[in-house]
Amino acid sequence: QLQALEQTLEYNLEVAGKSVKLFGKVDRVDLLNGQCRIIDYKTGGDSKKIKGLDNLFSNEKKDRNDAVFQLLFYSLLLRHKLVDDSPIVPGLMNIREINNKNFTINISIGNDKVDSVNDYLNEFEKLLSEKLSEIFDKNLPFKETEDKDNCKFCAYKNLCGN
């Protein structure tokens with residue numbers, strides 16, 4: 001049963017004494033077999049796997065998975081909106097893979113297929129809060145990337161001279 005399309009979800013997270021407004025526009029939210037599914041549509045071949053939650057917050061772009069991060073972020077926003085503790089199933093709908101024989105929307109963390117993300121959301125929120133605290137910390141200097149390939153398409157490359 002369809003619940004929402006292109007819905008903006010919001011949540012205020014307390015970080016380092018500040019209230020940070022988190023928000024995102026979710027492609028689709030539906031109910032299936034008593035589970036709340038949050039679906040993100042992708043036209044590419046985005047990976048549905050991560051080694052662990054800490055990889056999502058790595059300073060190295062090659063270690064991160066933006067598509068899975070986005071799904072977990074949306075799941076966190078949705079969890080704070082729901083009135084009960086319904087299981088939330090994050091799903092990535094890669095359009096290029098829809099006709100594959102073994103197609104699934106499920107993501108994997110480590111070797112585990114995620115049927116419900118609820119057990120991961122507290123750790124995800126903790127890591128997100130830590131990363132935001134790091135960003136707001138005026139005592140931590142801004143460091144340029146050491147991987148110059150990241151600079152190729154950066155909109156700010158003229159500012160730093162890379």
Side-chain angles (χ1 to χ4, degrees), residues 1-32 34-42 46-93 105-147 150-151 153-156 159-160:
Q1 177 182 4
L2 181 64
Q3 299 295 301
L5 291 173
E6 296 290 325
Q7 181 180 20
T8 300
L9 298 175
E10 299 177 359
Y11 170 62
N12 288 326
L13 179 65
E14 293 299 317
V15 176
K18 300 176 186 343
S19 180
V20 178
K21 182 178 181 178
L22 306 176
F23 64 94
K25 189 176 274 193
V26 179
D27 288 346
R28 177 185 178 105
V29 178
D30 62 30
L31 288 174
L32 183 66
Q35 295 181 319
C36 190
R37 295 189 322 162
I38 190 157
I39 309 293
D40 195 41
Y41 293 96
K42 299 290 185 193
D46 297 83
S47 173
K48 298 175 185 170
K49 299 177 181 184
I50 59 170
K51 291 178 185 174
L53 291 179
D54 53 334
N55 288 83
L56 296 175
F57 297 91
S58 172
N59 290 332
E60 297 297 323
K61 183 167 177 54
K62 64 179 174 38
D63 295 336
R64 295 190 308 257
N65 181 320
D66 295 341
V68 173
F69 178 92
Q70 185 177 11
L71 273 172
L72 292 176
F73 182 77
Y74 290 164
S75 297
L76 178 67
L77 298 177
L78 182 62
R79 181 184 74 178
H80 287 289
K81 182 181 179 195
L82 295 175
V83 292
D84 60 8
D85 202 22
S86 299
I88 299 172
V89 179
L92 195 58
M93 186 76 71
I105 64 167
N106 295 89
I107 62 170
S108 296
I109 299 176
N111 294 322
D112 300 325
K113 179 181 118 184
V114 178
D115 292 316
S116 169
V117 76
N118 297 41
D119 292 340
Y120 297 98
L121 289 179
N122 287 338
E123 178 71 11
F124 179 82
E125 186 171 9
K126 177 180 158 282
L127 292 166
L128 177 62
S129 181
E130 288 171 1
K131 183 56 77 173
L132 290 172
S133 292
E134 185 181 310
I135 290 169
F136 288 125
D137 188 342
K138 293 177 182 177
N139 297 317
L140 289 176
F142 176 78
K143 294 189 321 187
E144 294 178 19
T145 182
E146 293 178 19
D147 183 356
N150 291 339
C151 301
F153 302 105
C154 177
Y156 306 103
L159 288 175
C160 69

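A pairwise comparison of heavy atoms in V15 and S129 identifies CG1-O, 3.8 Å as the closest pair. In this structure, L76 and L128 approach most closely via the heavy-atom pair CD2-CD2, 4.0 Å. Nearest approach of S47 to N65, heavy atoms of both residues: O-ND2, 3.0 Å. Taking every heavy atom of both residues into account, S19 and N12 meet most closely at OG-CB, 3.5 Å. Between G34 and P87, the shortest heavy-atom distance links the atoms O-CD, 4.0 Å. A pairwise comparison of heavy atoms in I107 and P90 identifies CD1-CG, 3.8 Å as the closest pair.
One distance of note links CD of Q70 with OG of S75; it measures 10.5 Å at 0.5 Å rounding. I105 CD1 to D40 CG: the interatomic distance, rounded to the nearest 0.5 Å, is 11.0 Å. R28 CZ to R37 CZ: the interatomic distance, rounded to the nearest 0.5 Å, is 6.5 Å. Here the SG-CG distance, from C36 to L82, works out to 5.0 Å after rounding to the nearest 0.5 Å. Separating the NE2 atom in H80 from the CD atom in E10 is a distance of 13.5 Å, to the nearest 0.5 Å. Rounding to the nearest 0.5 Å places NZ of K113 at 4.5 Å from CG of N106.
Contact of the I50 side chain with the L56 side chain is registered, since non-hydrogen atoms from C-beta on lie closer than 4.5 Å. Using a 4.5 Å heavy-atom threshold, the side chains of L92 and D46 count as touching. Side-chain contact check for F69 versus R64: every heavy-atom pair is 4.5 Å or farther apart. Put simply, the side chain of L72 reaches to within 4.5 Å of the side chain of L53, judged on heavy atoms. Between D66 and K61 there is a side-chain heavy-atom pair separated by less than 4.5 Å. Counting heavy atoms from C-beta outward, L77 and Q7 have side chains that stay 4.5 Å or more apart. Contact of the L132 side chain with the L22 side chain is registered, since non-hydrogen atoms from C-beta on lie closer than 4.5 Å. Within the 4.5 Å cutoff, no side-chain heavy atoms of M93 are placed close to those of D27.
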If you apply the rule side-chain contact (heavy atoms from CB on, under 4.5 Å), what do you find for D63 with N55, and how did you get there?
CA-CA 6 Å; D63 295 336; N55 288 83; 4.2 Å; yes
Full working for side-chain contact (heavy atoms from CB on, under 4.5 Å) between Y120 and D112
CA-CA 12 Å; Y120 297 98; D112 300 325; 4.1 Å; yes
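When only modelled atom types and interatomic distance are considered, N59 and K131 share a side-chain donor-acceptor pair under 3.5 Å.
Aromatic ring pairs are classed by plane angle as parallel below 30°, tilted from 30° to 60° and perpendicular above 60°; the pair F57 and F124 is tilted.
Within a 6.0 Å radius of CZ in F23, no more than 12 heavy atoms belonging to other residues, nucleotides or ligands are found. More than 12 heavy atoms of other residues, nucleotides or ligands shown are found within 6.0 angstrom of CG on D137.
Panel note: side chain N118, backbone I88; a donor-acceptor pair is recorded below 3.5 Å.
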